[in-house]
Amino acid sequence: MTTKKFLLQEADIPTRWYNIAADMINKPRPLLNPATKEPIAASDLYPLFARALADQEMNQTDAWIDIPEEVRDMYKVWRPTPLVRAYGLEKALDTTARIYFKNESVSPVGSHKLNSALAQAYFCKQEGVTNITTETGAGQWGAALSYAAKAFGLELAVYMVKVSYHQKPYRRSIMQTFGAQVIASPSMSTKSGRAILTDNPNYQGSLGTAISEAVELAMQTPNCKYTLGSVLNHVMLHQTVIGLEAEKQMEMAGDYPDIIIGCFGGGSNFSGIAFPFLRHKLKEGKDIRVIAAEPSSCPKLTRGEFQYDFGDEAGYTPLLPMFTLGHTFAPANIHAGGLRYHGAGAIVSQLRSDGLLEAVDIPQLETFDAATLFARAEGIIPAPESAHAIAAAISEALKAKEAGASPVILFNLSGHGLLDMAAYDQYLAGDLTNYELTDKDLNATLASLEKII
Ligand SMILES: *Cc1c(COP(=O)(O)O)cnc(C)c1O
């Protein structure tokens, strides 16, 4: 019998995160103050973020950053996660490729997000913070942070995009079970929320709006910090435990990945699986392909512009260097697969601009076709987000078959889809369609960007 799962021991949980910025030749561009267009310093972020996190955000010199023992202890609840050889999927595709996936869906909240949530909650607690705020879309980040806040004794307020608050009540229940306060956004509790509701009382919310509300509350509450589940450099940093474990596990499997794939929202799970391997490319010239898989209806890396843009809709954040669709961009309502954020983080954007990674955009129906095929072959129902990575892996495996090649493909299964069955229902009922974002619609939001780069 061939080996299916590659399992590490607790002692193999990484003791340090990998900071790719230290090894990049072209460093990520700095965050800018929107008023002066001058680079901001870590200390400018201290009012909003825990100091340790702000320092990590700006760190371009230390390739390795120690994981505090308290955080590593919490990682032991579910880490190391399995690396799985996808024999079932290989068979279903009749491919010559060898396919592996890192299974981050085994975390207590069902996704990779807890890797950073625990780190962020810990550093806040260390610095005497008592309250934290955040936003959440489908609810995965909110769920992860709720658990992390409880683990380290913090009070948490989550602004949840209104449409998800009503359509996806179970992640809200999870957050409330862990003791978080959950507010549908836009809300009347902030100035930015009130302004949006005054203009458009039926607005169903967006991540950008929810970020504005969470930032505003953090700035106005004593001893309160804001946290973010993706996009920022320190979040990518925390997620590198995924790739660092996978590195050891691929060794156990006696293979090395030719192609590494992650789905792409703001970039955290993609960076987590990819950066430790990209290090081999940067430092040893290893010949690997790294592919970010995003939805056709939110295609920042494939069709966006590399430009400075706000991280949120109201324009409260510093200007971030990102491949972006414009901070006022919102994907079409028909889009059910998550990954709805308008931009990519600074590090990934620089790597993309330097040709160190590729991106593909996947139409909605192909995503759910891939999800269904994977579920039947491997017995795991993937998060619709993760299904973008699966679709890209399938596409590479089929290409390999055509070419008579046998590459090793590694993708990250960022989460399971057991709380996303409403989206599967829509797919199974034939209610989902592909959506082609037109250049005209795209240009409308891109036009609002100030040309700084
Ligand atoms: C949040 C989330 C994503 C997208 O966010 P990234 O920061 O791009 O990883 C992908 N998959 C799952 C399961 C998520 O919860």
Side-chain angles (χ1 to χ4, degrees), residues 81 101-117 120 134-148 158 160-161 164 168 171 174-175 207 210-211 227-243 260-275 290-295 298-301 311 322-323 331 335-349 352 357 359 361-362 367 370-371 374 380-392 411-420 423:
T81 63
F101 63 92
K102 179 73 167 155
N103 189 358
E104 288 295 304
S105 81
V106 300
S107 93
V109 294
S111 82
H112 70 287
K113 294 243 170 40
L114 205 49
N115 297 326
S116 186
Q120 294 190 43
T134 200
E135 73 290 335
T136 195
Q140 282 120 330
W141 170 245
L145 193 65
S146 302
Y147 173 58
V158 182
M160 183 171 189
V161 177
S164 304
K168 300 175 181 168
R171 285 223 178 76
I174 291 174
M175 292 184 255
L207 264 187
I211 295 174
T227 65
L228 189 63
S230 185
V231 184
L232 294 176
N233 301 342
H234 65 267
V235 186
M236 313 291 144
L237 175 77
H238 304 149
Q239 293 295 351
T240 57
V241 290
I242 302 172
I260 297 159
I261 301 171
C263 67
F264 201 96
S268 75
N269 91 89
F270 166 80
S271 303
I273 188 88
F275 286 0
V290 179
I291 306 174
E294 59 185 12
C298 194
K300 53 244 162 195
L301 287 169
M322 43 167 53
F323 271 87
H335 178 65
L339 310 175
R340 306 174 70 90
Y341 190 67
H342 66 272
I347 293 179
V348 164
S349 294
R352 168 94 177 121
L357 54 90
D361 63 326
I362 316 267
T367 307
F374 180 80
I380 301 171
I381 294 185
E385 290 87 349
S386 315
H388 292 78
I390 299 171
F411 72 86
N412 191 41
L413 184 73
S414 52
H416 69 65
L418 294 176
L419 287 166
D420 302 291

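Nothing fancy with the numbering, it's 1 onward along the sequence. Atom set for the values below is all heavy atoms of this structure, side chains included, hydrogens, waters and symmetry mates excluded. Read the numbers this way: they start at 1 and go in the same order the structure lists the ligands and their atoms.
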Asn103 and Ser105: side chain donor to acceptor below 3.5 Å: yes

Residues forming a side-chain contact (heavy atoms from CB on, under 4.5 Å) with Ser268, sequence neighbours excluded: His112, Ser230, Val235, Met236, Gln239

Pairwise side-chain contact, Phe270 with Leu357, heavy-atom cut-off 4.5 Å (strictly under):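 Yes, side chains in contact.
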
Test applied, side-chain hydrogen bond (donor to acceptor under 3.5 Å, both in side chains); reference residue, Asp420; option that passes from Gln140, Lys168, Arg171: Arg171

Under 3.5 Å donor-acceptor, Arg340 side chain and Cys298 backbone: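 The answer is no, because no donor-acceptor pair under 3.5 Å joins these two groups.
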
Main-chain N/O of Ala293 paired to Asp361 side chain as donor or acceptor, under 3.5 Å: no

Neighbour list for ligand 1 [protein residues, heavy atom under 4.0 Å]: Ser111, His112, Lys113, Gln140, Ser230, Cys263, Phe264, Gly265, Gly266, Gly267, Ser268, Asn269, Leu339, Ala383, Glu385, Ser414, Gly415

